[in-house]
Every structure is written in C-alpha cells, then in structure tokens.
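Fair warning: this is a prediction, and the values are worked out from it, not measured in the lab.
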Amino acid sequence: STRISTHDETSGKIEELETVLISERKKNEELQRKNVNLSSGMTERMRRLEADNNESNIKIESLKEILAIQEKKNKELEIRTAREQNLQAESEESSKALAELKIANEELESKLAVSMVSKPAKDDHGLNANESNRKIEELETVLTSERKKNEELEVKI
C-alpha cells in the first residue's frame with residue numbers, strides 16, 4: 001500500500017524545500033560575512049598584539065642594556081671604594097707615624113739642647129769639646145733626616 005504522491009503534493013513539497021533552501025543560503029551568506037568580519041578583526045588584533053610584543057621586547061632589551069651599564073658602574077664604585085678605604089688606612093698609618101716622628105724629633109731636640117749646654121771643656125787640649133761637637137753634629141744630622149721624613153709624610157698626607 002504504497003501511496004503515490006499527487007502533483008500538488010509534490011509541487012508543494014518542492015516549493016517548501018526551495019523556500020527552506022533560500023533561507024539556509026541567506027543564513028550561510030550572513031554567517032560568511034560575519035566570519036570575514038571576525039577574521040579581519042582577529043587579524044588586526046593579532047597585528048596589534050604582535051606590535052605590542054615587539055615594543056615590549058625592545059623595552060626589555062633597552063632595560064637589559066641599562067642594567068648592564070648600572071652593574072658596570074656598581075663594580076667601578078666598589079673598586080673605587082676599596083681603593084679609598086685602603087688610602088684612608090694608609091693615611092691613618094702615616095698620620096700615626098708622623099706623630100711618632102714628631103715626638104722623636106722633640107726628644108732629639110731636647111737631648112741636643114741639653115748636650116749643648118751641659119758639656120763644658122775639661123782641659124786645654126779640647127778633647128771633651130771635640131766629643132761634644134761630634135755628638136752635636138750627629139744629633140743635627142739625625143734631626144735633619146727626621147725633619148725631611150716628616151716633610152715627605154706631610155706632603156703625602
């Protein structure tokens with residue numbers, strides 16, 4: 001009991017299918033337009049993101065260079081600071097040595113003054129006077145040498 005469709009039924013079915021087909025084609029065209037718009041929008045977005053990424057990479061490289069320069073400056077400052085600390089320590093040692101030399105000079109000057117005053121000649125032959133003169137010359141030589149050392153140290157300080 002197969003039923004045979006009539007011409008009107010077939011004709012109605014074809015019209016219905018054609019209407020559905022036209023509707024689907026319109027939907028398909030609309031979706032393709034949306035897809036093209038989305039695709040171009042995504043392309044533009046990707047291009048902007050890539051540009052932003054390149055800009056960020058350039059900034060990172062620039063910051064790396066600045067960091068390297070700063071690290072180099074810090075090393076130089078560390079070296080300079082160490083040198084200055086060494087010079088400070090040497091200066092303190094020199095000041096201490098200079099103070100000790102000044103004290104020694106004062107003691108020598110005092111001994112020299114005492115020896116010049118306290119040693120009169122005992123006899124007419126001048127033996128004690130010669131000994132005194134020799135001692136005075138020795139002390140004056142030592143005193144001159146100590147003064148030169150003090151001057152050199154004062155120049156260094």
Trainee: Does the pair R80/E84 count as a salt bridge with the N-to-O cut at 4.0 Å?
Mentor: no
Trainee: If I take atom CG from residue L38 and atom CG from residue L31, how far apart are they, to the nearest 0.5 angstrom?
Mentor: 10.0 Å
Trainee: List the atom of K149, the atom of L101, and the distance in Å for their closest heavy-atom pair.
Mentor: CB-CD1, 4.2 Å
Trainee: Would a distance-only check, ignoring hydrogens and angles, find a side-chain to backbone donor-acceptor pair under 3.5 Å from S91 to L87?
Mentor: no
Trainee: Just how far is it from atom CG of N53 to atom CE of M46, taken to the nearest 0.5 Å?
Mentor: 10.0 Å
Trainee: Within the side chain of S94, is there an N or O that forms a donor-acceptor pair under 3.5 Å with the backbone of E90?
Mentor: yes
Trainee: State whether the side chain of T144 and the backbone N or O of E140 hold a donor-acceptor pair below 3.5 Å, judged by distance alone.
Mentor: yes
Trainee: Of the non-hydrogen atoms in N105 and R147, which two are nearest, and what is the gap between them?
Mentor: ND2-N, 4.1 Å
Trainee: Quick one: do R33 and E30 make a salt bridge, cutoff under 4.0 Å?
Mentor: yes
Trainee: Applying side-chain hydrogen bond (donor to acceptor under 3.5 Å, both in side chains), name anything that partners E152, two or more places apart in sequence or on another chain.
Mentor: none
Trainee: Atom CG of L63 and atom CD1 of I58: how far apart are they, to the nearest 0.5 Å?
Mentor: 12.0 Å
Trainee: Would a 4.5 Å heavy-atom cut-off, applied to side chains only, mark R45 and M42 as touching?
Mentor: yes
Trainee: Start with the C-alpha distance between N57 and I60, add both sets of side-chain angles, then the distance that settles side-chain contact (heavy atoms from CB on, under 4.5 Å), and finish with yes or no.
Mentor: CA-CA 5 Å; N57 286 341; I60 288 170; 4.3 Å; yes
Trainee: Rounded at 0.5 Å granularity, tell me how far CG in N28 sits from CG in N35.
Mentor: 10.0 Å
Trainee: Indicate whether the side chain of Q88 and that of E92 have a donor and an acceptor atom separated by less than 3.5 Å.
Mentor: yes
Trainee: Could you tell me the separation between the CD atom of E138 and the CG atom of L108, rounded to the nearest 0.5 Å?
Mentor: 11.5 Å
Trainee: Quick one: do K64 and E61 make a salt bridge, cutoff under 4.0 Å?
Mentor: yes
Trainee: Could you go through the salt bridge (charged side-chain N to carboxylate O under 4.0 Å, His left out) check for E44 and R47 one step at a time?
Mentor: CA-CA 5 Å; E44 177 60 22; R47 189 197 61 72; 2.8 Å; yes
Trainee: CD/E55 to CD/E50 distance, rounded to the nearest 0.5 angstrom?
Mentor: 13.0 Å
